[in-house]
Amino acid sequence: MSKKVPFKTTLEVRDACLCLHVQRAARALGRRFDEALRPVGLTNGQFSLLMSLNRPQPPALAPVAQLLAMDRTTLTAALKPLQRDGLVSVEVDPDDRRSRLLRLTDDGHAVLNRALPIWRSTHAAIEAELTTVTADAMRAALMQLS
């Protein structure tokens, strides 16, 4: 017969688990940005993906997936609605026909331009709510983990 994990262990994990706290914070922040970006028709994930494509040269899948901490399959799935909506195009790399380049369309740039002030104001409001840590310290700590 297996031994049950004591409830006090559940409380220990609830109170101490960095992963749990980061996941909860990420979900709460995600909901907030989803709500804020709804008027321009984007989710927070779509905003981040579009912003990751805003580069002087269209990137390939791999560096975008790495930046967003996604595998290529998940990135490909996330791109489909953006392609369908005409915000992103996926093109064959002329230097390597096996590779694909991701390009923001004119509509993609336009929606980013509409979303950016919303992101900035939402972001500033969230940073203003931080009272026990600076936003820079939080970013630095999260970057150490990623």
Side-chain angles (χ1 to χ4, degrees), residues 5 7 9-146:
V5 175
F7 182 64
T9 304
T10 300
L11 299 177
E12 172 193 356
V13 171
R14 178 200 66 191
D15 295 342
C17 182
L18 291 173
C19 188
L20 173 64
H21 289 285
V22 169
Q23 287 172 336
R24 287 181 58 154
R27 288 183 189 112
L29 287 171
R31 284 190 300 270
R32 227 165 132 176
F33 278 102
D34 282 347
E35 182 64 30
L37 293 166
R38 185 171 289 126
V40 295
L42 294 177
T43 66
N44 76 86
Q46 290 171 329
F47 174 81
S48 294
L49 177 48
L50 290 175
M51 193 56 74
S52 75
L53 303 181
N54 188 42
R55 304 176 185 205
Q57 298 300 319
L61 280 165
V64 174
Q66 182 178 12
L67 173 69
L68 298 174
M70 291 180 167
D71 60 54
R72 291 171 60 129
T73 303
T74 303
L75 175 58
T76 299
L79 285 166
K80 293 214 182 292
L82 298 174
Q83 284 179 271
R84 182 191 64 233
D85 293 344
L87 304 178
V88 173
S89 67
V90 180
E91 305 165 357
V92 173
D93 184 341
D95 297 329
D96 180 357
R97 310 257 331 135
R98 298 168 295 162
S99 183
R100 300 292 178 263
L101 299 177
L102 308 175
R103 184 183 306 273
L104 280 177
T105 64
D106 288 344
D107 287 346
H109 283 286
V111 78
L112 265 185
N113 276 315
R114 290 193 312 275
L116 193 54
I118 296 167
W119 176 86
R120 284 186 172 133
S121 65
T122 304
H123 200 271
I126 291 167
E127 283 196 14
E129 293 172 18
L130 297 174
T131 57
T132 59
V133 65
T134 68
D136 286 338
M138 182 180 288
R139 274 187 287 276
L142 291 170
M143 287 176 71
Q144 280 183 323
L145 296 174
S146 65

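- Heavy-atom contacts from other residues, nucleotides or ligands closer than 6.0 Å to CD of Q66 number 12 or fewer.
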Assess whether side chain to side chain contact (heavy atoms under 4.5 Å, CB included) is satisfied between L79 and L61, documenting all intermediate values.
-> CA-CA 10 Å; L79 285 166; L61 280 165; 3.8 Å; yes
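- In this structure, CG on L130 lies 5.0 Å from CE on M138, to the nearest 0.5 angstrom.
- Listed for the T105 side chain is a donor-acceptor partner under 3.5 Å among the backbone atoms of G86.
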Intermediate values then yes/no, side chain to side chain contact (heavy atoms under 4.5 Å, CB included), V13 and L20 = CA-CA 8 Å; V13 171; L20 173 64; 5.5 Å; no
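- A side-chain donor-acceptor contact under 3.5 Å links T76 to the backbone of R72.
- For D136, the salt bridge (charged side-chain N to carboxylate O under 4.0 Å, His left out) criterion is met by R139, not counting sequence neighbours.
- Atom CG of D15 has more than 12 heavy atoms from other residues, nucleotides or ligands within 6.0 Å.
- Not a single donor-acceptor pair under 3.5 Å links the side chain of T74 to the backbone N or O of M70.
- Contacts of R97 classified as salt bridge (charged side-chain N to carboxylate O under 4.0 Å, His left out), with partners at least two apart in sequence or in another chain: none.
- When atom types are taken as modelled, the side chain of S121 and the backbone of I118 share a donor-acceptor pair closer than 3.5 angstrom.
- Considering CE of M51 and CG of L42, their distance stands at 10.0 Å, rounded to 0.5 Å.
- Salt-bridge formation is detected for the pair E91/R103: a Lys NZ or Arg NE/NH1/NH2 atom is positioned less than 4.0 Å from an Asp or Glu carboxylate oxygen.
- Proximity of R100 to V92: side-chain heavy atoms (C-beta onward) are separated by under 4.5 Å at one or more points.
- A donor-acceptor contact shorter than 3.5 Å is absent between the side chain of E129 and the backbone of I126.
- Put simply, the side chain of L112 does not reach to within 4.5 Å of the side chain of L53, judged on heavy atoms.
- Relative ring orientation between F33 and H123 is described as tilted, the plane-to-plane angle lying within the 30° to 60° band.
- In this structure the side chain of L75 reaches within 4.5 angstrom of the side chain of L49, judged on heavy atoms.
- Distance check, rounded to the nearest 0.5 Å: OG of S52 to CG of L102 gives 8.0 Å.
- Here the CZ-CG distance, from R31 to D34, works out to 9.5 Å after rounding to the nearest 0.5 Å.
- Here CD of Q23 is found 11.0 Å from CG of L18. Values are rounded to the nearest 0.5 Å.
- No donor-acceptor distance shorter than 3.5 angstrom exists from the side chain of H109 to the backbone of N54, with no hydrogens or angles considered.
- Judged purely by atom type and a 3.5 angstrom limit, D71 uses its side chain to pair as donor or acceptor with the backbone of T73.
- Heavy atoms of other residues, nucleotides or ligands lying less than 6.0 angstrom from CD of Q57 number 12 at most.
- In R55, the CZ atom is crowded: over 12 heavy atoms of neighbouring residues, nucleotides or ligands sit closer than 6.0 Å.
- Once rounded to the nearest 0.5 Å, the distance linking CG of L50 with CG of L82 reads 5.0 Å.
- At a threshold of 4.0 Å, the pair R38-E35 counts as salt-bridged, since one of the basic side-chain nitrogens sits closer than that to a carboxylate oxygen.
- Here the side chain of N44 pairs a donor or acceptor atom with the backbone of G30 at under 3.5 angstrom.
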